[in-house]
Structure formats: structure tokens, C-alpha cells
Amino acid sequence: MFKREFIRDILAKSRELEGLTIRVCGWVYRIRDLGGVRFIILRDRTGVIQSVFKRGDTPDHILKIAEDTREEGILCVDGILRRAPTREGYEILALDAKILSNPIEPLPLETHDSLKASLPTRLKYRWLDARNPKVSKIFQLKSWVARKFREYYSSQGFIEIFTPKIVASGTESGADVFSVLYFDRIAYLAQSPQFYKQFAVIAGFEKVYEVGPVFRAEPHHTTRHLNEYHSLDIEIGFIESFHDVMDYVEGFFRKLAEDSRREEEIKGMLEEFEVEPIEIPETGIPRIPIRRVYEILASEYGKKIPYGEDLDPEGEKLIGNYVKEKYKSDLVFIIEYPWKIRPFYTMRKEDEPSWTYSFDLLLRGLEVVTGGQREHRYEKLKQNLKDKGLAEQDFQYYLDFFKYGVPPHGGAGMGLERITMQILRLQNIREARLLPRDTERITP
RNA sequence: GCCGCGGUAGUAUAGCCUGGACCAGUAUGCGGGCCUGUCAAGCCCGUGACCCGGGUUCAAAUCCCGGCCGCGGCGCCA
């Protein structure tokens, strides 16, 4: 490895390093050439620092190297750390330097200004776009969300599982999945780990979570859909009701809300994106039956959703605004969805079988989590399949899971990119995916 | 899948409605020059574009048709 230190660490130790010779390696962020003095701002993953090449102080052959330097090239600078009137308060007076790599042609995207380019252009040159520190922060936040997910559910006694992404059938009807040639057969890319996380509970792991890719073959043209994204999944055995599942989901979001107020790095990111941390009231995230939501939308906003139908995007936004004003909550559980719009494995209400023990969680007016209690009784599950008009034999391997002792269980799936998008209030979910796959895009 | 909007230098845009003075303007980038404290550095010079094909017209970046590509709304969903 190159002997180097991260810029953030150097600045953190600036008092003790002041006056000493140090080395910084990174990308050339900006060059300001004033003739006798040339400022080269270096950037690494952790920050930026100014190096200064000055006639009289820097050896002449090193000044020559500075002249050859191009923006976004890779440069190592050895020099003396000293105080300077820069944003960081310090700079490096260059005594030695080496170009490790220089661009071979003009850049198609100005890295430090990449947010001014259109999204298609940014995605086309994503490896340059992502060098923009602000863009990079999106992915650092996404990484933080995924880490919190693992930490939270691990701390609650969940076991991480890793399930196949090449599967024999879809989780719902077989539609909306990508087919792949699997030797001499057709297989599919998993649209959800649904069946296998239930499998894991039934297999005795009791409480499990998974972070993994899911694939949706739907030709969406929206700012909130991807054909490949990462799903944060949980599944829990021995629940008494679907409220237990919501409690676990709520615990995770509460952790996100609290830690984003506590951790300096995250606070800094939210400030840079000019967004507030997630707000959750002391009394908890409101849990509103969808039948009540129909009423609220109609009476408060004059918005008519056909009874028994799903909310449309406008309805979700409106109810998001409603709970923000009324409960000071960025989140709302909408519960007891109609059976007709939920998958066959959803448990129906005992007393009202056209409604279910299921829920969605909306974050700032966008659905980010779906979950519920699963039907764990073999005969009822078969009946559900029948009621959905699905062929039993297509799901036989799944039905077999339910033959030999199944605890009542439920779970939820959360869209990592949607959570990231909503926390930072990004305009397009593609911004929250390093290399988005959508209807047209499979490169880079 | 249905519907709508768009495509001008590397990037971002003006011009298009109302065809002609547009061999296409501006900013930034890029190349060169000046400048020893910049921090969106500044100043000077240069560079570079009308998506493709067909049509209308004396004349098309501008109007019409087709194609390709992009974006968005809905549906569906995380």
C-alpha cells in the first residue's frame, strides 16, 4: 500500500503534525494557477486539502510536475503542513510530488460541478460523478442505513441469512420477473426473498434478516422505481400479531432518527442536503387502518380513493402531509390492507376476511416498507392460493414448508434506496443507486 | 403497458411559437498567454454544436412525417 494518510486524519491531528513533512495522495480536485504560485487542491475519500507549489520554496523540477498536473489526475504530494488562510486552516507546502495518473483526454463531466449536469449524463459518467463529495455522501449515508439495519436487528437477536437469487418461480404470480437460462431450464431472478426468509423462520432460525438485491421486470418510468434494488428484509417467528412486526420496523426507524441526530458525520450530511432528521413522535408512529385513510383523504382533501383500492401516489403524499401536521411524524403505518391487493401469503383478518393483517410504512409520503403477518396454516394457505386464482402445483415446494410445524410469523421488506432517497429528499431514486438498472440502462 | 414532454459544442443552456440579419449567442470546460495567496481566482486569445432519415419552402436549428434516444405522469410496486 502507498504510505499515505487520509486527509481527515491529517486535519484532525494538525496541531501535532504542523511543521512536519507529510504525504497526501489523492485526486486533483481543483487547480488555481497564479503564475508564481500554484494551488492544487487534493481530494480523497475523507476530504480535501490545499497543496501549494510556490516559486522559491518548491524545487524547480517539482514546479514542473505541478504544471503537468491535470484535474482528476492522481497526485502524491510530500510537503510541510502549515497554517494557511484556507477553509481547512492548513495547507501543504509542496517539496516533492509525483503524478501517478493523469487523464488522457478532457473530462466529460466537471467533477466538482457534476450536480449541474443532467442525471442521464451523470449516470453515463457515474465514476466521475461519484467523485463529487456531495454525491459520495449519498452512498455513505446509504451505507450507514444498511449498517444500522444490521446492527439493530443483530442486537435484537436476529440472524443474518443469505438466500438464493436464482429461483424457480416468482413470489406472487410468476409475472414481473426476469427469466434466466439455467442450464437447460428457465429460472427467474428473485423479486423478493419472501419465500426463503419464511423458510428460514420455519427452518428454526426464528428471527432473521437479509440485505440483498431484488429484481423487478416492470417497465416503470418513474422517479421512484428501479429494476434492481436492495431490499432490507426481516422475518420473525412467534409473533402474536402483525403489530409485533411493526414494533420491530419502528425500532429500526427510531434508531435511524435518533442516531442521525447524535452522530456528527450524519448531522453534517443532512445539513449539506438541507434536510431535517426524520421526526417520530414520542407516542410512536401512527398506525392508521386504510379504511380510516379513505375517510381522512375524502374529508380533509376531497381526495376520493375507491373503497377497497390501494392508495395512489397523490393519496400517499397527502396522508404523509396529514400525519406530519397532525402527529408531527414523518412516518405513518397504514394497516389492514384489502385482501384483493395483497399477495396470497398474507394473513386475512379473522373477523373480516376481505381485509388483512398487513401494513405499509410511508416515509414523507412514499411507501418504503411493506409487511404483515403471513398465513402459516397449511389449509388456509391453500385456500388463499385458490382464492387468488393461482395454481397450487406452481407453489408446491413453498406449500411443503408449511406441512411440518410452522410458528405464527410475519415480516417486512424495506427499500434501501427509497429510505436513502427520502432521508435526503432526493428527487430521483436513481441518485441513490450507484449503477441504476432501469428499462433502458444496463451500462455502465 | 398507456399518456405527455424533450433531443443545439465535453457540460449546461439561449434561439424554435412568429422560417430569412444564426457560416447559431452565453456560461463553464479544454488549449495557449499574463499574473507569487487563490479558494466558483481574475484578465486576454483560441477551440468546439443544431440526434438520424425523409418532406414542405426561394430559404429549415426553427414547420410536417418516420425512426432512434432521453425524461416524466399513471398503472404496479420497495
Side-chain angles (χ1 to χ4, degrees), chain A residues 29-41 48-58 63 67 70-72 82-89 91 93 103 105-125 128-129 170-173 175-177 191-194 212-233 249 309-316 337 341-343 360-363 366-371 412-422 427-430 432-433 438-441:
Chain A
Y29 192 44
R30 312 222 60 165
I31 299 171
R32 297 192 195 95
D33 178 15
L34 278 68
V37 59
R38 178 184 293 250
F39 301 102
I40 297 181
I41 319 298
V48 298
I49 192 167
Q50 171 168 291
S51 66
V52 54
F53 293 71
K54 196 169 186 175
R55 195 182 300 149
D57 293 336
T58 301
L63 291 174
E67 277 175 41
R70 295 289 175 268
E71 281 190 5
E72 293 307 319
R82 65 182 197 187
R83 288 181 191 274
T86 59
R87 292 217 177 85
E88 295 75 33
E91 68 179 9
L93 175 64
E105 58 185 38
L107 302 166
L109 200 62
E110 287 156 67
T111 293
H112 51 82
D113 245 1
S114 74
L115 290 169
K116 286 187 180 161
S118 67
L119 189 57
T121 301
R122 291 174 50 204
L123 294 175
K124 183 175 177 184
Y125 300 104
L128 297 179
D129 178 51
T171 49
E172 261 91 305
S173 59
D176 307 328
V177 292
Q191 62 165 202
S192 156
Q194 182 62 38
V214 295
F215 306 90
R216 303 283 166 98
E218 290 147 8
H220 319 280
H221 296 99
T222 77
T223 55
R224 60 186 185 283
H225 289 97
L226 292 164
N227 292 298
E228 179 185 15
Y229 67 91
H230 264 66
S231 183
L232 308 174
D233 276 274
V249 172
E309 296 294 329
D310 203 354
L311 306 183
D312 59 19
E314 191 196 9
E316 291 187 347
Y337 275 80
I341 59 169
R342 286 289 173 165
D360 277 2
L361 178 66
L362 273 48
L363 172 55
L366 180 71
E367 182 183 334
V368 297
V369 181
T370 293
M414 324 188 194
L416 176 57
E417 287 78 7
R418 282 202 177 174
I419 294 170
T420 305
M421 174 189 184
Q422 290 305 89
Q427 294 301 304
N428 192 311
I429 197 167
R430 279 162 256 235
R433 186 91 190 166
D438 57 35
T439 51
E440 303 299 333
R441 216 178 307 270

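Only a predicted model underlies this, so the values are computations on that prediction, with no experimental measurement involved. Chain identifiers are assigned alphabetically (A, B, ...) following the order of the sequence lines, protein sequences preceding nucleic acid strands; residue numbering begins at 1 within each chain.
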Read 5' to 3' with Watson-Crick or G-U pairs under 3.5 Å, [ ] for crossing pairs and | for partners on another strand, RNA chain B gives (((((((..((((......[....))))((((((.......))))))...(((((..]....))))))))))))....

**Request:** Would you kindly check whether a donor in the side chain of A:E110 faces an acceptor in the base of B:G10, or vice versa, at under 3.5 angstrom?
**Result:** yes

* **Residue-phosphate contact under 4.0 Å: A:N428 side-chain N/O, B:C71 OP1/OP2** => no

*Kindly indicate whether the side chain of A:R224 and the base of B:G75 share any N or O donor-acceptor pair separated by less than 3.5 Å?*
no

Would you say a side-chain N or O of A:R38 is under 4.0 Å from OP1 or OP2 of B:C39? no

Across all chains, not counting sequence neighbours, the ring pair (Phe, Tyr, Trp, His ring centres under 6.0 Å) partners of A:H230 are none

Readout for nucleotides 1-7 of chain B: B = base within 4.0 Å of protein heavy atom, S = sugar-phosphate only, - = neither; 5' to 3' it is BB-----

Rounded to whole Å, the OH-P distance (A:Y229 to B:A78) equals 6 Å

| Side chains of A:R216 and A:Y229: is there a donor and an acceptor less than 3.5 Å apart? | yes

Exercise. Does a nitrogen or oxygen in the side chain of A:R418 sit under 4.0 Å from OP1 or OP2 of B:C77?
Worked result: no

Is the distance from OP1 or OP2 of B:A12 to the nearest side-chain N or O of A:T121 less than 4.0 Å?
yes

- Does OP1 or OP2 of B:G73 have a side-chain N or O of A:T223 closer than 4.0 Å? yes

- Quick one: label A:L226 by what it contacts on the DNA or RNA (base, sugar-phosphate, nothing), any heavy atom closer than 4.0 Å. base

Under 4.0 Å between any heavy atoms, over every strand shown, what does A:D312 touch: base, sugar-phosphate, or nothing? Just pick one. sugar-phosphate

Note to self: Between the base of B:G37 and the side chain of A:E91, is there a donor and acceptor pair under 3.5 angstrom?
What the structure shows: yes

Nearest heavy-atom approach of A:D310 to A:Y337 is OD1-CE2, 3.4 Å

Given B:U28, is OP1 or OP2 found less than 4.0 Å from the side-chain N or O atoms of A:R30?
no

A:D113/A:R30 ion pair, N-O < 4.0 Å: no

query = Within less than 4.0 Å of OP1 or OP2 of B:C39, is there a side-chain N or O belonging to A:T86?
reply = no

